[in-house]
Amino acid sequence: MCTFCGCGTTTDGKSQAASADRAPPDRSEAGGEYRSFGEHPDRHRHHHNHDHDDQEHHGHSHGNDGAIDFGGGLAGVHLPGMSQERILRLERDILSKNDAFAGANRARLKASGIFALNLLSSPGSGKTSLLVRTITDLQFHFPIAVIEGDQQTSNDADRIRATGAPAIQINTGKGCHLDAHMVGHALDQLPMAAGGLLFIENVGNLVCPAAFDLGEAHKVVVLSVTEGEDKPLKYPDMFAEADLLLLNKVDLLPYIDFDMTACVGFARRVNPRIEILTVSARTGEGLPAFYRWIEEHALDTALPAQRSV
Amino acid sequence: MHEMSVAESLLELIEDEGRSQGFVRVKKIRVKLGALGHIEPEALRFCFDAVSHGSIAEGAHLDLETVAGKGWCSGCGRTVPIAERYDICPECGKSDVRMTAGDELRLAELEVD
């Protein structure tokens, strides 16, 4: 779902864009970068229209096929030109469109044997530095690509590209998170080798990105020790959604008051199944364990087993 | 402010239904919101008012029904009320409670013309 440009794209890549209301402004294109996600790469204008025959990403069916319970039988009876008050019982997930796009992304990544991680954190936790270090260490073992999400600038994608890895910058404009539709567009543009790693660096924000499935294999939350040990309790949604917590900047522990035991306890209280690793993107401490985690979790879906870190 | 995206998604669902079901005006929208979910009700109301302006849902009453948090306590072997995600069980005091309700974000019902 793109909640900004509102266009729909089917899983076979066919645009469902329709007419011209809610038209976004024009777009400037620079090296695969979306200047604002309200602005569409195809320059077409469109609204939130789509084909109701497309059950795959529509997620429900209409009319007489029984997928929706309309209750008392008034629904579906429409006489043109006549007003008819009625109640429609729908029971539909409001984020069902995003989830459908995420499902399509996931299927596409799986078909290519690509292992995708969605990195979440507040701004300044060191996500990009962590990625730069990880890419530098792993790029001769796996093909690696990155999708970068920020409200503005291509600074992060530039830093990634400096390592030699391909990167696509998504600028969300006023948006506070990436959604699955944005990521689908980025996948269209990203040169990715089969059997590779894809890092999706979400917009720095400990709240909003938690709600939006992008089609990743795992969500990884990065928390730097300078942020304080009680973040898992203050922002539980993010930690509840993640499979791995990376406690970053541990090289600074001698200089700050950070209660590691309490932080781990808070994270496990919010999410008993979360795995936790302590790392330093600056010194490299703990990173081999992160690389092993990637390799172990990627084996099922993506990376060839014979490759070792 | 992900409530803005959620409000847009809600309006999309309503407009889709309007096209397929042939209604032109929405009078009332009933949404189920989990008490432990990630949506602030007043923010969603504010955002929906903004995005629905000029649409078939403009002026519709947005009825936000809160779904209380519940979890399955493996110690007690039953469903218990919880006030936070992964709260401790209010009955036995153990923490092994899996949330089973309270995370809803659903368009439940529309009253339309």
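Keep in mind the model is a prediction, meaning the values are calculated, not measured. Chain letters run A, B, ... following the sequence lines, proteins first, then strands; residues in each count from 1.
For A:H218, the ring pair (Phe, Tyr, Trp, His ring centres under 6.0 Å) partners are A:F115, A:W293, A:H297, not counting sequence neighbours. In this structure A:D243 satisfies the salt bridge (charged side-chain N to carboxylate O under 4.0 Å, His left out) test together with A:R273, sequence neighbours excluded. With sequence neighbours excluded, the residues that form a salt bridge (charged side-chain N to carboxylate O under 4.0 Å, His left out) with A:E91 are B:K32, B:R106.
Here the closest non-hydrogen pair linking A:I94 and B:V6 is CG2-O, 3.6 Å.
When side chains are defined from C-beta on, B:E109 does not count as touching A:L90, because their heavy atoms never get closer than 4.5 Å. Between B:L13 and A:S96, the closest side-chain pair of non-hydrogen atoms falls below 4.5 Å. Counting heavy atoms from C-beta on, the side chains of B:M4 and A:K174 never come closer than 4.5 Å.
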Between B:L105 and A:L95, is a side chain to side chain contact (heavy atoms under 4.5 Å, CB included) present by the stated rule, with each step listed? CA-CA 8 Å; B:L105 179 56; A:L95 293 179; 3.9 Å; yes

For A:N205 and B:H2, what are the C-alpha separation, side-chain angles and deciding distance, and is it a side chain to side chain contact (heavy atoms under 4.5 Å, CB included)? CA-CA 11 Å; A:N205 178 341; B:H2 56 296; over 6 Å; no

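Using a 4.5 Å cut-off between heavy atoms, A:A211 contacts chain B through both its backbone and its side chain. Heavy atoms of B:V24 lying under 4.5 Å from chain A are absent altogether.
If you take CG on B:L36 and CG on A:D237, they are separated by 9.0 Å, rounding to the nearest 0.5 Å. Summarising the geometry, atom CG belonging to A:L88 is positioned 12.0 Å from atom CZ belonging to B:R30; distances are rounded to the nearest 0.5 Å. Note that CZ of A:R269 and CD1 of B:I88 are 7.5 Å apart. Values are rounded to the nearest 0.5 Å. To the nearest 0.5 Å, atom CG of residue A:D99 and atom OG of residue B:S9 are 9.5 Å apart. Separation of atoms NE2 (B:H38) and CZ (A:F212) is listed at 7.5 Å; rounding is to 0.5 Å.
Of residues 63-78 of chain B, no residue lies under 4.5 Å from chain A by any heavy-atom pair.
B:E84 CD: 12 or fewer foreign heavy atoms inside a 6.0 Å radius. The neighbour count for B:H53 NE2, taken as heavy atoms of other residues, nucleotides or ligands under 6.0 Å away, does not exceed 12. The number of heavy atoms from other shown groups lying within 6.0 Å of OH (A:Y235) does not exceed 12.
For B:E12 and A:K97, the salt-bridge test passes: some basic side-chain N is under 4.0 Å from an acidic carboxylate O.
Chain A forms the most heavy-atom pairs under 4.5 Å with one residue out of B:K28, B:R25, B:R85, B:E104, and that residue is B:R85.
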